[in-house]
There are 2 protein chains.
Amino acid sequence: MGQALPQHDVYQAIADPSRRRLLRLLTQGEQPLSALSGQFDMSRTAVSKHLRVLREAGLVTERRAGRETRYAFRPEPLTELRDWLAYFEQFWDNKLAMLKHMVEDGNAAD
Amino acid sequence: MGQALPQHDVYQAIADPSRRRLLRLLTQGEQPLSALSGQFDMSRTAVSKHLRVLREAGLVTERRAGRETRYAFRPEPLTELRDWLAYFEQFWDNKLAMLKHMVEDGNAAD
DNA sequence: ATCATACGAAACCAAATGGTTTCATGTCAA
DNA sequence: TTGACATGAAACCATTTGGTTTCGTATGAT
């Protein structure tokens with residue numbers, strides 16, 4: 001009954017600077033672990049664990065290709081963050097919030 | 001030399017659901033610890049610690065008023081989150097990203 | 001077949017996290 | 001001045017986190 005629930009959410013996933021950097025790197029396209037871990041000081045295994053957290057949050061997908069595992073960025077879970085943030089935007093930047101409503105609702109804004 | 005560096009950043013601060021809830025509560029206005037901790041199952045001390053994390057991230061201020069400590073929401077640090085997110089928006093919502101550039105740069109967008 | 005490559009799993013570890021309870025202190029009220 | 005209220009500090013604890021090293025196992029190249 002039902003798939004395993006994700007053990008990490010998007011908020012936890014982006015809390016770590018290394019994981020944020022991984023996401024950035026992956027916006028340049030799908031990459032195997034070896035290419036990614038080459039960008040970090042930590043061990044390949046550690047990077048692999050970070051990627052797992054990102055995957056559990058739905059922010060990356062894995063795909064085996066021969067002996068490589070290729071990771072790809074999935075932006076969708078970031079919408080939750082965006083929505084969460086949107087609520088607070090009214091407290092520091094009305095202009096942007098209004099524009100978002102224009103776009104999303106198709107309404108004129110004054 | 002220099003002030004104590006903040007031990008928590010905004011990404012860590014919002015990683016915890018209780019802290020996100022605290023921020024929401026505080027958008028309704030400045031409130032003392034007792035009012036806030038009344039909304040949670042955990043102890044007053046635990047809520048106090050969460051508020052400290054938020055304060056270290058710059059998301060709340062404290063002010064002593066008699067025997068109370070009143071906490072208030074400060075939205076500014078969320079701009080860092082917004083900016084971080086903005087980079088990724090192009091990967092799932094071009095329309096919004098283009099509008100933001102129009103607003104921020106004052107440029108036409110095609 | 002052999003060997004190097006690419007990776008995951010497991011065991012381990014130190015430090016951080018999220019919570020508790022107890023205690024001390026300052027403030028307001030009677 | 002006595003006592004209740006509001007809070008922070010400290011000590012403590014279990015679990016999670018972020019890292020390591022070692023080992024096993026596919027896969028691809030020679």
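Numbered from 1 within each chain, the chains take letters A, B, ... in sequence-line order. The basis for the numbers below is simple: all heavy atoms, side chains too, and nothing from hydrogens, waters or symmetry mates.
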Would you give the length of the straight line joining atom [atom1] of [X] to atom [atom2] of [Y], rounded to the nearest 0.5 angstrom?
X       : Y       : atom1 : atom2 : result
B/Leu78 : B/Asp83 : CG    : CG    : 11.0 Å
B/Arg64 : B/Arg70 : CZ    : CZ    : 10.5 Å
B/Leu85 : A/Leu81 : CG    : CG    : 5.0 Å
B/Leu23 : B/Leu51 : CG    : CG    : 9.0 Å

Is the backbone of [Y] close enough, under 3.5 Å, to the side chain of [X] for a donor and an acceptor to pair up by distance?
X       : Y       : result
B/Arg19 : B/Ala13 : yes
B/Arg21 : B/Gln39 : yes
A/Arg20 : A/Ile14 : yes

- Message: So if I take residues 28-50 of chain B and measure heavy-atom distances to DNA chain D, which residues fall below 4.0 Å?
- Response: B/Pro32, B/Leu33, B/Ser34, B/Arg44, B/Thr45, B/Ser48, B/Lys49
- For chain B, the stretch of DNA chain C it reaches, first to last nucleotide, under 4.0 Å of its heavy atoms: C/dT17 to C/dC28
- Task: Please report the closest heavy-atom contact between A/Gln12 and A/His8, naming both atoms and the distance.
- Result: NE2-CD2, 3.6 Å
In whole angstrom, give the distance that lies between atom [atom1] of [X] and atom [atom2] of [N].
X       : N      : atom1 : atom2 : result
B/Leu51 : D/dA6  : CG    : C1'   : 14 Å
B/Arg67 : D/dG3  : CZ    : P     : 16 Å
A/Arg52 : D/dT17 : CZ    : P     : 13 Å
A/Glu68 : D/dA26 : CD    : P     : 18 Å

- Message: Does a side-chain N or O of A/Gln12 approach OP1 or OP2 of D/dT17 to a distance below 4.0 Å, or not?
- Response: yes
- Query: Quick one: is D/dT17 close enough that its OP1 or OP2 comes under 4.0 Å of any side-chain N or O from A/His8?
  - Reply: yes
Between side-chain atoms of residues 26-36 of chain A and protein atoms elsewhere (two or more places apart, or another chain), which donor-acceptor pairs fall under 3.5 Å?
residue : atom : partner : partner atom : Å
A/Thr27 : OG1  : A/Arg24 : O            : 2.5
A/Thr27 : OG1  : B/Tyr87 : OH           : 3.0
A/Glu30 : OE1  : A/Arg63 : NH2          : 2.7
A/Glu30 : OE2  : A/Arg63 : NE           : 3.0
A/Glu30 : OE2  : A/Arg63 : NH2          : 3.1
A/Gln31 : NE2  : A/Leu25 : O            : 2.8
A/Gln31 : NE2  : A/Gly29 : O            : 3.2

- Task: Please name all residues satisfying side chain to side chain donor-acceptor pair (under 3.5 Å) with B/Glu62, sequence neighbours left out, ordered by chain then number.
- Result: B/Arg55
- Query: Looking at five pairs on each end of the helix from C/dA1-D/dT30 to C/dA30-D/dT1, what is the angle between the two axes, given to 10 degrees?
  - Reply: 20°
- Listed once per pair and sorted, the ring-ring contact (aromatic ring centres under 6.0 Å, His included) pairs that draw on residues 40-76 of chain A, sequence neighbours left out: A/Phe73-B/Phe88, A/Phe73-B/Phe91
- Message: Within the 4.0 Å heavy-atom criterion, would you say A/Arg70 contacts the bases, only the backbone, or no part of the nucleic acid?
- Response: nothing
- Assign each of B/Glu62 and A/Asp16 the nucleotide of DNA chain D bearing its closest heavy atom; nearer the 5' end lies the nucleotide of B/Glu62
